[in-house]
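Contents: one structure, followed by commentary.
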Amino acid sequence: MRYRRLGGTDLDVSAVCLGPMRAATKEPTEDAKSKAGEDALRFAIDAGVNFIHSSYEYRTRWMMERVLKDHPKRHDLHHVIKVPVPDFKDGGRFDAAKFRERIEEALRDLHAERIAVLQWMWRSDPNDDDLRVPMLPGLMDDLMEAFERVRDEGKAGYMMPFPYTVASTRAAMETGKFDGIIAYYNPIEMEMAELFEELEERGMGFLCIRPLYQGILTDQRAKPGADDRFSDPKFADDLAKRAKVAEVFAEEIGGSMTGFAIRFALAHPVVASVIVGLNSPAQAEGIIAAAEQKLPSPRVVTKAFELWKAGFGI
Ligand SMILES: NC(=O)c1ccc[n+]([C@@H]2O[C@H](COP(=O)([O-])OP(=O)(O)OC[C@H]3O[C@@H](n4cnc5c(N)ncnc54)[C@H](OP(=O)(O)O)[C@@H]3O)[C@@H](O)[C@H]2O)c1
């Protein structure tokens with residue numbers, strides 16, 4: 001397993017961070033999907049994954065709990081959890097009790113002593129920059145007081161926002177209060193790449209969410225079958241972009257788009273780990289193997305950024 005120092009922290013995290021969003025049913029049941037998710041989590045930890053993403057919103061922690069409650073390695077794991085306070089319907093108000101509850105429930109559900117990284121989110125309704133950017137300064141004092149309290153109690157390590165957009169990310173970076181940024185990043189979602197150098201200069205880390213673009217950047221999505229979740233016409237544009245990526249990076253992709261997407265996401269040194277959905281031991285095995293292979297040169301990131309800026313030429 002490849003480990004990397006997460007910028008802005010003293011954490012050495014596995015380059016693969018397990019995301020369990022689709023890895024179980026939303027209610028505890030005995031079913032094949034949840035069993036495969038449970039087996040994926042066990043497999044990943046055994047293979048050296050020490051970084052795990054989760055959220056109360058996914059309602060899959062019941063499955064994670066089965067693995068984590070008495071796992072011999074549970075004290076070695078670093079957890080990153082979503083903390084959306086204020087949430088969409090909170091009218092832009094920060095609620096310190098709600099912030100704390102998100103952490104306390106995660107500590108209970110994940111059988112953890114500490115949450116390594118709080119993925120803080122400030123949401124509005126509608127959730128756009130016009131509301132969110134001006135909202136941020138008014139939240140910072142209460143947020144930092146609440147964070148410092150749980151950090152000083154030993155219950156949380158670091159805080160990195162998921163700011164949705166570049167404008168909100170810039171606003172978050174300019175506060176000087178966050179240890180890093182968490183955002184979508186893959187060859188089709190390249191917005192954040194323009195901030196990588198500045199993140200490094202500021203000594204901040206970056207965590208990539210959905211390196212496979214939800215599964216579109218995988219081998220089986222070259223031609224999704226009729227029963228595939230990406231066969232819906234609403235994914236036609238995304239599949240056209242995937243085809244363009246396949247064409248432009250044919251040499252770097254070699255035999256596997258899935259493997260390329262993982263290696264691509266790790267190519268820039270500011271990206272410490274990829275938060276990837278792993279729903280079975282076979283998926284975990286493939287992704288872990290891909291993350292160990294030689295990484296593309298940073299020039300590939302620049303080339304992908306140019307392709308993204310050009311709208312993929314479609
Ligand atoms: N706002 C947020 O904070 C936010 C939002 C979204 C996601 N997340 C987190 O990020 C994680 C990843 O997001 P995501 O699942 O949407 O995107 P992703 O990691 O880009 O894609 C994961 C999907 O790729 C496929 N896959 C995984 N390993 C594979 C392999 N070895 N070979 C072929 N296909 C493979 C699986 O789809 P199939 O099984 O369908 O093939 C899997 O569901 C989530 O679990 C969640 O923890 C956070």
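Bear in mind that the values here come from a model prediction, so they are computed numbers and not experimental data. Whatever order the structure lists them in is the order used to number ligands and atoms, beginning at 1.
Tyr185 and Phe196 have perpendicular rings, their planes meeting at more than 60° on a 0 to 90° scale where under 30° would count as parallel. Under the 30°/60° scheme for interplanar angles, the aromatic rings of Phe162 and Tyr164 are found to stand perpendicular.
Counting only heavy atoms of the protein, atom 44 (C) of ligand 1 lies nearest to Met21 CB, 3.5 Å. Nearest protein heavy-atom contact of atom 41 (O) of ligand 1 is Arg221 NH1, 3.0 Å. Shortest contact from atom 13 (O) of ligand 1 to any protein heavy atom: Arg210 CB, 3.7 Å. Closest to atom 32 (N) of ligand 1 among all protein heavy atoms lies Thr258 CG2, 3.7 Å. For atom 48 (C) of ligand 1, the nearest non-hydrogen atom of the protein is Tyr58 OH, 3.0 Å.
Against a heavy-atom cut-off of under 4.0 Å, Gly19 is close to the following atoms of ligand 1: 45 (O), 47 (O). When each atom of ligand 1 is checked for a heavy atom of Met121 under 4.0 Å away, the hits are 1 (N). Listed by number with element, the atoms of ligand 1 under 4.0 Å from a non-hydrogen atom of Pro20 are 45 (O), 47 (O). Near Tyr213, meaning under 4.0 Å from any of its heavy atoms, are these atoms of ligand 1: 20 (O). When each atom of ligand 1 is checked for a heavy atom of Gln119 under 4.0 Å away, the hits are 2 (C), 3 (O). With ligand atoms numbered from 1 in the order given, ligand 1 contributes 1 (N) to contacts under 4.0 Å with heavy atoms of Phe162.
Remark: the Ser124 side chain and the Arg132 side chain contain no N/O donor-acceptor pair separated by less than 3.5 Å. Under the 3.5 Å distance criterion, with hydrogens and angles disregarded, no donor-acceptor pair is assigned to the side chains of Thr9 and Asp179. Side chains of Asp31 and Ser34: a donor-acceptor N/O pair is present below 3.5 angstrom, by distance only.
Residue Leu212 holds the heavy atom nearest to atom 26 (N) of ligand 1 of all those in Leu217, Ile216, Leu212. Residue Lys82 holds the heavy atom nearest to atom 2 (C) of ligand 1 of all those in Glu57, Lys82, Gln283. Taking all heavy atoms of Arg229, Gln214, Arg22 into account, the minimum distance to atom 37 (O) of ligand 1 is reached by Arg229. Relative to atom 19 (O) of ligand 1, the option among Gly277, Ala261, Ala40 with the closest non-hydrogen atom is Gly277.
Here the OG-CG distance, from Ser168 to Asn127, works out to 8.0 Å after rounding to the nearest 0.5 Å.
Shown here for Asp87 and Arg123, the closest heavy-atom pair between the two residues is OD1-NH1, 2.9 Å. Between Glu191 and Glu189, the shortest heavy-atom distance links the atoms OE1-C, 3.3 Å.
The closest side-chain heavy-atom distance from Leu77 to His71 is not below 4.5 Å.
A cation-pi arrangement is absent between Arg221 and Phe230 under the rule of less than 6.0 angstrom and at most 45 degrees off the ring axis. Cation-pi contact between Arg102 and Tyr56: present, with separation from the ring centre below 6.0 Å and deviation from the ring axis of at most 45°.
Only the side chain of Tyr184 comes within 4.0 Å of ligand 1, counting heavy atoms alone; its backbone N, CA, C and O stay farther away. Under 4.0 angstrom from ligand 1, the non-hydrogen atoms of Ile209 all belong to its side chain. If you look at His53 next to ligand 1, the close heavy atoms, those under 4.0 Å, all belong to the side chain. When non-hydrogen atoms are compared, ligand 1 lies under 4.0 Å from the side chain of Asn279 (C-beta onward) but not from its backbone. By the criterion of a heavy-atom distance under 4.0 Å, neither the backbone nor the side chain of Lys33 is placed next to ligand 1.
Within the structure, salt bridge (Lys or Arg N to Asp or Glu O under 4.0 Å) contacts touching residues 293-305 (residues at least two apart or in different chains) are Glu252-Lys303.
Judged as a side chain to side chain contact (heavy atoms under 4.5 Å, CB included), and not counting sequence neighbours, the contacts of Glu292 are Met1, Ile288.
Not close to ligand 1: Glu285, with no non-hydrogen atom less than 4.0 angstrom away.
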